[in-house]
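Following: one structure in structure tokens, then a few remarks.
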2 protein chains.
Amino acid sequence: MKKYFSILYRSAAENFLAGLKPENRHAKKAAKIFLLQTALMSSRTRVTIRDIAREAGVSTATVSRVMNNPDTVSRRTLETVNAVIARHGYLSDGIAVSLALARTLTIGVVIPTITNSIYAASTQAIQGAARAAGYTVLLGVSEFSPTTEDQLIRQLLKRRVDGLILTGVERSSEIYESIGAARIPFVVTWKQADAAAGMASVSFDNYQGARLAMSHLVELGHRRIGLVCGRSKLNDRARERRRAYQDVMREIGTDVRHDWVHEADFDHAEGRRAMQKLLAAPSRPTAVFCANDIQAIGALFECQEQGIEVPGQISIVGFDDVPAAQYVRPQLTTIRVPAQAMGEIAAKRLLEAIDRRGEPVGQTLPVELVVRGTTRQAQD
Amino acid sequence: MKKYFSILYRSAAENFLAGLKPENRHAKKAAKIFLLQTALMSSRTRVTIRDIAREAGVSTATVSRVMNNPDTVSRRTLETVNAVIARHGYLSDGIAVSLALARTLTIGVVIPTITNSIYAASTQAIQGAARAAGYTVLLGVSEFSPTTEDQLIRQLLKRRVDGLILTGVERSSEIYESIGAARIPFVVTWKQADAAAGMASVSFDNYQGARLAMSHLVELGHRRIGLVCGRSKLNDRARERRRAYQDVMREIGTDVRHDWVHEADFDHAEGRRAMQKLLAAPSRPTAVFCANDIQAIGALFECQEQGIEVPGQISIVGFDDVPAAQYVRPQLTTIRVPAQAMGEIAAKRLLEAIDRRGEPVGQTLPVELVVRGTTRQAQD
DNA sequence: TTCAAAAAAGGAACCGGTTACATTTGATCG
DNA sequence: CGATCAAATGTAACCGGTTCCTTTTTTGAA
């Protein structure tokens, strides 16, 4: 069947060629191109709007109207065209539409990792909100590398996403310039942006959250408190949390010993290692604030491995409230972060901004201390 | 500055209009359009290949060559053009490129959920492999709904992804037709495809994995074994695992009581509920096979809540080996699934297929029983 | 029945790139 | 020094839609 058509088309073109006056160079060229096209036609099944138009006996403009402004088309035409569309299962080509409209109905999302379920939760929420509005998500995972993140964002801009949702505010100014040049709105999540910087964030307050965790320990009578957190050089969320730790320690008048503070990557092994060092410190802390649950769980494991009772001998507070925080025994005391709400709201704010071609409006969401089983009154 | 240009352009256009003979309608129209364009130009900063070409004093073809085939361009021209490109930070428009080349450098990935870390792991692996090859991932999350999945796939096809990675094989034949019509390769993950169906899968064997889990229990002397699994109506992975359960039960000559089998959604709460029912069964099983770790962990929690010792009074085997399986106490005995390798290989196979415009080649990966703390010799 | 106004449909420019083919430039050689 | 051929560049068609503007058809009132 397909072959048959191919032959049909080809011979039509050849006839056309043969019938030409030799001097008619331009037409000859056109015919050649026609031949090329029809040769391709046999391999490409893709139905275009012109095919539909031809078969329905209308112009492409009308087909387009049928699909996008049906009420500007007469009932009769509407039916005819829709029938042809249905017969072929025709779907308009999103790429061509994007080019013509200068809108891709796509938003870009860049996160550091997806395997930490807390990011998965916010990403899933973004996804849901985007889909509801007819948008698709282009996902980039930076694996905590600023260079990778830059590349990803550039790639997304090249794909002309209509908007961006980023994690944290810290990145090269060139990238911010590129985003600016693309003239698309973006919102930052997981970290509040300085209002001054003129960017919108939908986030919670990392600093206050961390203070909440620290205050809890302090109220339980802990004074010698250790810290495990992410790489504050690469990660502005970790930096905020660390700052809160340091402030609270200063306020309670405890000198922070440098072997009480450990920065580590986001996995359990690293959390364990950090806890090892804390336990080996000459003046062992009575409590540890782990600036994320992944590390907190690793730390908890290390204690259990070494036979150190949690919370009997050492208290642990995490941050994030990942689902796993409830599975470990004892269950982890932690700071609950509104990951899902944040994702959903961020997406909504972004889509609004895209709609009205304005700046997205930011928002700060509350965090909450969830007291479970890994913290107890200091015995010391 | 921008304004200045705008005025410049505008007056040029107006001069052009003014100089026209009134009868030259066509040219007049063209001039109008020119005006429109330049009006837009002031608001749109987007630099196009024509801007670069004009400024460098070459044709757009040459600019395109500079970017894609630099060795076909003379050294001098190359330098000139590259300088202009750099000056403007020009990035070619991916949408236009896609339209011209009929390739989007994009692959679509559809998964049921991202919050189950096992899917996150494979997705992240796909992401990594795609990025390494210059591809971007368009992610769709179906939330276990076949309708949503259909919509997502259709959306991806509309965006003209160059290939698809899907979860499981079971979906409407219309969707498979649509994919076929789009003439793009796809690979199925998480479930082996029938070779006969002519589709490639990069997966492990759910059935054998489930048998492995069941055999482990049987070898420990368990005969009264319960099952908790996903909705086998909606989920072909769950169905395979259930089939293995039933086959093994038949082989050991135990009649499966219907209150030993519970299908549930993929969350802990549902796992707990299922376990509640199992524990309440008149003839309580001595072991439970949970066809995924999320449910297994929920089940374990329920036991602990009710003061039923695991594995003392009841053994539990999970499936997937999510990271959380190691956090719970006792640690979960489970089947380790090669999520990361699967994602990576699936992406590679797909990209190969895209490259050579052929069918992807499938592959089956091994699963492994990981014996931890939730299983023990039957006491019965 | 006639004619103006409204509704429907069509023609073609346009989005921003790529590339086949044509043309120009430059180098080489008899 | 002109012919020849390769290298470099330009021209314009093309990808598959949308939409402005124009033309044609229909409607409805006079």
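Side chains included, hydrogens not; waters and symmetry mates left out as well; all remaining heavy atoms used. Residue numbering restarts at 1 for every chain, and letters A, B, ... go by the order of the sequence lines.
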Nearest-Å distance, CE (B:M67) to P (C:dG16)? 14 Å
Distance-only donor-acceptor test, A:R50 side-chain atoms vs D:dG16 base atoms, 3.5 Å: yes
Quick note, side chain to side chain donor-acceptor pair (under 3.5 Å) partners involving residues 89-98 of chain A, not counting sequence neighbours, are A:S92-B:K158, A:D93-B:R160
May I ask you to test the B:R171-B:L166 pair for a side-chain heavy-atom distance under 4.5 Å? yes
Checking B:Q151 against A:R131: is there a side-chain donor and acceptor pair closer than 3.5 Å? yes
Identify each donor-acceptor pair in which a side-chain atom of residues 79-86 of chain A lies under 3.5 Å from a protein atom, sequence neighbours left out, and give them as a table.
unit_1	atom_1	unit_2	atom_2	d
A:T80	OG1	A:R76	O	2.8
A:N82	ND2	A:L78	O	3.4

Sidechain-backbone polar pair: B:S178 side chain, B:E174 backbone, donor-acceptor under 3.5 Å: yes
What pairs of nitrogen or oxygen atoms, one from the protein and one from nucleotides 8-10 of chain D, lie under 3.5 Å apart?
unit_1	atom_1	unit_2	atom_2	d
D:dT9	OP1	B:S74	OG	3.0
D:dT9	OP1	B:T77	OG1	2.2
D:dT9	OP2	B:S74	N	3.0
D:dT9	OP2	B:T77	OG1	3.4
D:dG10	OP2	B:S59	N	2.7
D:dG10	OP2	B:S59	OG	3.1
D:dG10	OP2	B:T62	OG1	2.8
D:dG10	N7	B:R65	NH2	3.4
D:dG10	O6	B:R65	NH2	2.5

Would you call B:K348-B:E352 a salt bridge at under 4.0 Å N-O? no
What's the CG-P distance between B:N69 and C:dG17, to the nearest Å? 16 Å
Would you mind reading off the bend of the helix from C:dT1-D:dA30 to C:dG30-D:dC1 from its two end axes, five pairs each, to 10 degrees? 50°
Does B:E359 CD have over 12 foreign heavy atoms under 6.0 Å away? no
Phosphate contact (D:dG16 OP1 or OP2) by A:T48 side-chain N/O below 4.0 Å: no
Quick one: list whatever passes ring-ring contact (aromatic ring centres under 6.0 Å, His included) with B:F186, sequence neighbours left out. B:Y176
Any chance the side chains of A:E143 and A:T148 put a donor and an acceptor closer than 3.5 Å? no
Let me know the distance between CD1 of B:I49 and P of C:dT19, rounded to the nearest Å. 11 Å
Atom pair distance, as rounded to whole Å: CG in B:N68 and P in C:dT19: 7 Å
To the nearest 0.5 Å, what is the distance between CG (A:L156) and CG (A:D162)? 12.0 Å
To the nearest Å, how far apart are A:R46 CZ and D:dC15 P? 13 Å
Please give, in whole Å, the distance from C:dG16 P to B:R103 CZ? 22 Å
Between A:Y90 and D:dG17, is there a side-chain N or O to OP1/OP2 distance below 4.0 Å? yes
Apply the side chain to side chain contact (heavy atoms under 4.5 Å, CB included) test between A:L164 and each candidate in A:V188, A:L157, A:L138, A:L350; give the one that qualifies. A:L157
Which residues in residues 94-101 of chain B have at least one heavy atom lying under 4.0 Å from any atom of DNA chain C? B:A96, B:V97, B:L99, B:A100, B:L101
Taking atom P of C:dT18 as reference, at what distance in whole Å does atom CD1 of B:I52 sit? 12 Å
Taking atom P of D:dC15 as reference, at what distance in whole Å does atom CG of A:D51 sit? 11 Å
